[in-house]
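Being a predicted model, the structure only gives us computed values, none of them experimental. Both backbone and side-chain heavy atoms feed into the values below; hydrogens, waters and symmetry mates do not.
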Amino acid sequence: MNAILKAALSRMIYTGTLIIIDSSGKSQTFGDGTGEPMRFRINSAAAERKIAFDPSLHFPEAYMNGDIDVLDGDIYDVLKIIFENTGATVAKEPWMLAIEGIRRATRRLYQMNTLTRASSNVQRHYDLSEDLYKLFLDTDMQYSCAYFERPDATLEEAQLAKKRHIAAKLLIEKGHKTLDIGCGWGGLGIYLAKHLEANVTGVTLSQEQHGIANKRAFDEGLTAQAQFNLQDYRTIEESFDRIVSVGMFEHVGIGHFPEYFQHTARLLKKDGVFLLHSIGRSDGPSYTNAFIQKYIFPGGYIPALSEVLPHIEKAGLVITDIEILRLHYADTLRIWRQRFMENREKAKAIYDERFCRMWEFYLAASEAAFRWQNLVVFQIQLAHRQEAVPLTRNYIEKEEKRLKRLECERSSANSQVETKESVAGR
């Protein structure tokens with residue numbers, strides 16, 4: 001094995017049992033011998049050198065390109081041992097820390113999300129085949145953190161609970177003009193229009209999402225209440241009673257935080273409410289993982305609260321509530337990963353083996369980061385006025401219970417209509 005890689009791993013892995021077969025066929029064991037052994041093979045000396053130099057980029061690249069094969073368990077099991085040993089700091093050697101320092105210093109260059117560049121970056125990820133996302137997402141195509149009210153909740157139940165939880169915090173009344181920034185495939189906007197009778201405008205930069213969201217609104221008979229535009233939020237001029245943004249803020253880029261909050265503050269009416277749902281860091285500012293930046297979310301950045309709050313304050317908005325969702329996204333990603341692996345051959349038919357390895361690593365590493373590193377989800381409720389929302393949180397649970405009843409009533413009514421149509425058709 002490459003001597004530098006061997007020395008680095010010896011200092012990095014001190015618990016568990018990680019067995020690596022190098023490119024010459026020799027086996028090296030790292031850790032204290034406890035737990036279930038995990039083995040993988042590095043298939044080339046070149047891959048060993050690259051991993052030793054820059055593991056955060058070249059380890060996932062090696063797996064993606066077939067230069068690493070996992071022999072026991074899967075890539076998630078290997079990452080579990082690595083992350084449990086390293087925590088949030090995988091790079092520990094001087095040259096690795098130097099590379100990290102360069103990435104931290106240049107992070108703004110990669111996050112310069114102009115109107116043109118932001119559109120291109122979003123399309124690289126979200127304009128992948130709809131059939132791919134259907135392989136692992138819930139039936140409503142929610143591509144963000146679910147909300148597990150019970151540990152045994154299904155993904156569909158948890159994603160519905162997420163929409164209900166967000167809707168409760170928005171305090172929407174019938175007819176409220178509501179803006180959904182980064183509307184995805186339209187699931188949340190349709191929920192708000194259907195159950196709360198809001199007038200929803202959703203915006204996305206993904207052509208795939210734009211077409212699907214509008215088709216879904218048409219199929220639901222909600223085109224008068226839910227419209228989805230292929231548009232950057234920065235080009236919107238009208239004002240709204242409610243604004244919601246779920247899973248979009250991670251694509252803004254740190255250099256654009258002032259612009260984001262100044263613009264949303266202008267869009268929000270003086271008595272309005274804004275709910276921001278975003279992945280965040282629990283240990284302070286950092287930079288985007290090199291593999292994620294290059295292959296998954298170009299231009300993206302996961303912020304710490306300390307980087308977000310000053311810009312909220314400068315925009316003149318009032319923070320009325322902050323909730324931190326901890327392991328909810330880890331559980332969401334676990335189910336996504338399991339579903340993807342169950343449908344891996346279908347994904348391979350859509351793309352190829354290299355893509356499947358890339359996607360598998362992305363889902364596994366993301367789940368591991370929420371379980372053993374520094375990632376959480378925060379929901380920040382914002383307003384212009386302190387009295388825009390109730391003074392206690394009691395209203396959230398009360399509204400969630402009301403919405404749950406509405407969902408059940410609509411589901412029951414729809415079932416009765418379907419039964420009658422089925423009988424009439426015989």
Side-chain angles (χ1 to χ4, degrees), residues 107-119 121-122 144-145 166 169-172 176-184 188-189 200-205 229 231-282 284-288 297 299-325 375-389:
R107 61 181 183 161
R108 288 176 180 263
L109 295 176
Y110 294 98
Q111 298 168 34
M112 292 177 63
N113 290 311
T114 61
L115 293 178
T116 301
R117 193 171 179 183
S119 178
N121 287 340
V122 165
S144 58
C145 177
I166 289 171
K169 290 185 178 184
L170 283 167
L171 294 154
I172 290 175
H176 265 164
K177 285 183 62 179
T178 302
L179 174 64
D180 184 356
I181 302 176
C183 62
L188 177 61
V200 179
T201 299
V203 294
T204 177
L205 296 177
N229 302 328
Q231 184 178 9
D232 192 295
Y233 77 96
R234 289 169 288 191
T235 66
I236 301 171
E237 296 298 334
E238 58 187 304
S239 57
F240 295 86
D241 300 291
R242 299 292 185 263
I243 299 175
V244 63
S245 183
V246 178
M248 176 271 178
F249 190 66
E250 300 92 320
H251 300 282
V252 170
I254 190 168
H256 297 275
F257 287 179
E259 178 183 33
Y260 179 87
F261 288 109
Q262 288 165 12
H263 193 67
T264 51
R266 286 194 295 271
L267 296 177
L268 186 66
K269 291 182 180 180
K270 292 304 178 183
D271 59 351
V273 178
F274 173 20
L275 195 284
L276 174 63
H277 171 118
S278 173
I279 300 172
R281 300 178 189 275
S282 60
S286 187
Y287 60 92
T288 302
F297 293 116
Y301 177 64
I302 295 171
L305 274 175
S306 59
E307 296 175 292
V308 176
L309 300 187
H311 299 294
I312 292 174
E313 295 164 358
K314 290 176 183 177
L317 292 167
V318 176
I319 299 169
T320 51
D321 187 76
I322 297 178
E323 181 178 6
I324 305 299
L325 306 183
L375 298 188
V376 296
V377 169
F378 51 68
Q379 291 186 346
I380 308 176
Q381 187 190 59
L382 302 164
H384 286 292
R385 298 170 179 168
Q386 293 191 40
E387 65 274 15
V389 301

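Note that CD1 of Ile279 is 12.0 Å distant from CZ of Phe249, once rounded to the nearest 0.5 Å. Considering CD1 of Ile302 and OG of Ser278, their distance stands at 7.5 Å, rounded to 0.5 Å. For the atom pair CZ of Phe240 and CG of Asp180, the computed distance is 10.5 Å after rounding to the nearest 0.5 Å. The OG1 atom of Thr201 sits 11.0 Å away from the CD1 atom of Ile243 when rounded to the nearest 0.5 Å. Note that the OG atom of Ser282 and the CG atom of Leu375 stand 7.5 Å from one another [nearest 0.5 Å]. Here OG1 of Thr178 is found 7.0 Å from CG of Leu170. Values are rounded to the nearest 0.5 Å.
Checking side-chain atoms of Glu307 against main-chain N and O of Ile254 turns up no donor-acceptor pair under 3.5 Å. At least one donor-acceptor pair under 3.5 Å links the side chain of His263 to the backbone N or O of Ile236. Side-chain N or O atoms of Lys177 include one that pairs as donor or acceptor with a backbone N or O of Ser239 at under 3.5 Å. For the pair His277 (side chain) and Val377 (backbone), a donor-acceptor distance under 3.5 Å is absent. Between the side chain of Tyr301 and the main chain of Ser286, a donor-acceptor pair closer than 3.5 Å is present. The main-chain N or O of Gly284 is never found under 3.5 Å from a side-chain atom of Ser306 such that the two would form a donor-acceptor pair.
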Test log, rule side-chain contact (heavy atoms from CB on, under 4.5 Å), inputs Phe261 and Leu276:
CA-CA 11 Å; Phe261 288 109; Leu276 174 63; 3.9 Å; yes
Decide yes or no on side-chain contact (heavy atoms from CB on, under 4.5 Å) for Thr264 and Leu382, but give the supporting numbers first.
CA-CA 10 Å; Thr264 51; Leu382 302 164; over 6 Å; no
Report the C-alpha separation of Leu268 and Leu317 in whole Å, then their side-chain angles, then the decisive distance to 0.1 Å, and conclude whether the side-chain contact (heavy atoms from CB on, under 4.5 Å) test is met.
CA-CA 10 Å; Leu268 186 66; Leu317 292 167; 4.3 Å; yes
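The list of salt bridge (Lys or Arg N to Asp or Glu O under 4.0 Å) pairs with a residue in residues 239-250, not counting sequence neighbours, reads Asp241-Lys269.
When all heavy atoms of Tyr233 and Leu267 are compared, the pair lying nearest together is O-CD1, 4.3 Å. Heavy atoms only, all atoms of each residue included: Glu323 and Asp321 are closest at N-OD2, 4.0 Å. Nearest heavy-atom pair across Ala388 and Val273 is O-CG2, 4.1 Å. Of all heavy-atom pairs spanning Val200 and Gly189, the tightest one is CG2-O, 3.5 Å. Here the closest non-hydrogen pair linking Gln379 and Leu325 is NE2-CD1, 4.1 Å.
Relative orientation of the His311 and Phe257 rings is perpendicular, given thresholds of 30° and 60° on the angle between their planes.
Looking at heavy atoms from C-beta onward, Thr235 lies out of side-chain contact with Val203 at the 4.5 angstrom threshold.
Residues forming a salt bridge (Lys or Arg N to Asp or Glu O under 4.0 Å) with Glu313 (at least two apart in sequence, or on another chain): none.
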